[in-house]
Amino acid sequence: MSDFPEFEVIPAVDVQDGEVVQLVGGERGTGKRYGDPVAAAERWIEAGAGTLHLVDLDGAFEGERVNAAAIESVVESVPDAVGLQLGGGIRTAEGARDLLELGLDRVILGTAAVETPEIVAEIDETHPGSVVVSLDAKDGEVVVSGWTEGTGLDPAEAAARYEELGAGAILFTNVDVEGQLEGIDREAVASVVEAVDIPVIASGGVASVEDVVDLKEAGAAAVVVGTALYEGEFTLREAQNAADEI
């Protein structure tokens with residue numbers, strides 16, 4: 001499931017305190033709540049989603065999986081044909097493998113990949129192509145620990161490094177524009193795309209169908225959309241159709 005044969009619009013199901021939440025700029029406490037994660041997942045599948053992007057937000061901040069029960073309920077409720085990727089609080093190769101055995105198609109590693117890069121190769125050995133390395137950028141540098149700590153890493157250089165270690169894809173999130181419905185930073189995405197041959201999933205700032213089309217034109221293999229879909233700025237079908245036309 002690491003390949004994206006066609007550009008895909010992926011709805012986000014971010015979970016905090018057992019509920020779907022969308023944060024603004026990655027800031028804890030800024031979230032707007034959107035109810036039950038299973039209901040959200042079912043809604044997006046009915047709307048035509050081929051893949052769902054799950055995030056344990058508490059896990060991202062705490063460094064351990066806090067919403068495991070809520071996430072597992074989503075995994076159990078989703079048909080096998082729908083792809084699932086999960087991030088937030090996955091810190092060990094063993095933990096990642098357990099999730100992949102549970103039924104996830106891809107695990108997303110952020111802090112763990114930065115702190116222990118060899119974890120990517122370790123997971124890839126047993127589950128090839130299943131690791132997505134999450135590079136979250138703030139002011140042009142990769143940040144970790146729930147977007148609170150800078151690393152000094154350049155996102156494009158870091159992406160190339162993780163490709164060598166066996167990452168199946170890169171999730172590039174521009175935290176500066178996350179959850180604000182103010183548009184994307186196309187150049188930042190394009191620079192990461194140019195640095196690697198593996199798929200780049202873009203995330204952060206999508207406010208319109210035009211943003212989705214821009215990201216496809218920038219070379220992204222997929223885009224994760226949260227707030228704009230939950231707020232009804234456009235439908236999943238509208239975004240996917242617009243992307244398919246180019």
Side-chain angles (χ1 to χ4, degrees), residues 1 8-47 49-80 82-92 95-113 130-134 136 143-148 171 173 175 178-181 201-206 222-232 236:
M1 287 276 328
E8 194 175 347
V9 182
I10 304 174
V13 181
D14 296 356
V15 182
Q16 189 171 35
D17 299 326
E19 284 189 285
V20 176
V21 169
Q22 289 293 303
L23 300 184
V24 178
E27 292 289 331
R28 209 169 186 179
T30 60
K32 184 170 178 182
R33 297 182 180 273
Y34 295 96
D36 176 59
V38 172
E42 288 171 349
R43 172 187 169 190
W44 298 130
I45 292 165
E46 280 174 26
T51 300
L52 294 177
H53 176 83
L54 310 175
V55 180
D56 183 339
L57 286 172
D58 297 302
F61 288 109
E62 307 295 341
E64 59 184 347
R65 295 185 54 238
V66 177
N67 290 288
I71 298 291
E72 282 169 26
S73 296
V74 173
V75 174
E76 287 166 9
S77 72
V78 169
D80 290 344
V82 176
L84 287 172
Q85 55 190 40
L86 169 69
I90 304 168
R91 296 289 193 265
T92 66
R97 287 195 188 103
D98 287 346
L99 287 163
L100 292 163
E101 297 298 329
L102 180 70
L104 289 166
D105 298 283
R106 293 185 282 268
V107 287
I108 302 164
L109 303 181
T111 303
S130 64
V131 179
V132 178
V133 173
S134 174
D136 302 337
V143 290
V144 294
S145 300
W147 307 301
T148 57
L171 172 67
T173 302
V175 181
E178 172 81 10
Q180 297 177 47
L181 292 179
I201 307 163
S203 171
V206 174
V223 57
V224 172
V225 186
T227 305
L229 286 176
Y230 285 97
E231 288 295 311
L236 181 60

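- The distance from atom CG of D56 to atom CG of D14, rounded to the nearest 0.5 Å, is 10.0 Å.
- Between A39 and D36, the shortest heavy-atom contact is N-OD2, 2.9 Å.
- T51 has its side chain out of reach of L84: every pair of non-hydrogen atoms, C-beta onward, lies at least 4.5 Å apart.
- Between the CG atom of L54 and the CG atom of L104 there is a distance of 7.0 Å, given to the nearest 0.5 Å.
- Of the inter-residue distances, the one linking L229 atom CG with R43 atom CZ reads 8.0 Å to the nearest 0.5 angstrom.
- Side-chain contact check for I71 versus P37: every heavy-atom pair is 4.5 Å or farther apart.
- The closest side-chain heavy-atom distance from K32 to V21 is not below 4.5 Å.
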Dump the intermediate steps for side-chain contact (heavy atoms from CB on, under 4.5 Å) on I10 and V225, then the final yes or no. CA-CA 6 Å; I10 304 174; V225 186; over 6 Å; no
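- No side-chain heavy atom of V75 sits under 4.5 Å from any side-chain heavy atom of S73.
- Nearest approach of V74 to A41, heavy atoms of both residues: CG1-CB, 3.8 Å.
- In this structure the side chain of E19 never reaches within 4.5 angstrom of the side chain of V15, judged on heavy atoms.
- Inter-residue side-chain proximity for L171 and V133 is flagged as unmet; no heavy-atom pair is nearer than 4.5 Å.
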One pair to check against side-chain contact (heavy atoms from CB on, under 4.5 Å): R33 and V20. What are the steps and the verdict? CA-CA 6 Å; R33 297 182 180 273; V20 176; over 6 Å; no
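- Between P11 and the options V224, I45, L52, a side-chain contact (heavy atoms from CB on, under 4.5 Å) holds for only L52.
- The aromatic rings of W44 and Y230 lie perpendicular to each other, with more than 60° between the two planes, well past the 30° mark.
- In this structure, the separation between CD on E72 and CG on L86 is 10.0 Å, given to the nearest 0.5 Å.
- With a 4.5 Å cut-off on side-chain heavy atoms, R97 and V107 do not count as touching.
- For the pair Q16/V55, no side-chain contact is recorded, criterion being any heavy-atom separation below 4.5 Å from C-beta on.
- Taking OG from S130 and CG from L100, the interatomic distance works out to 4.5 Å, rounded to the nearest 0.5 Å.
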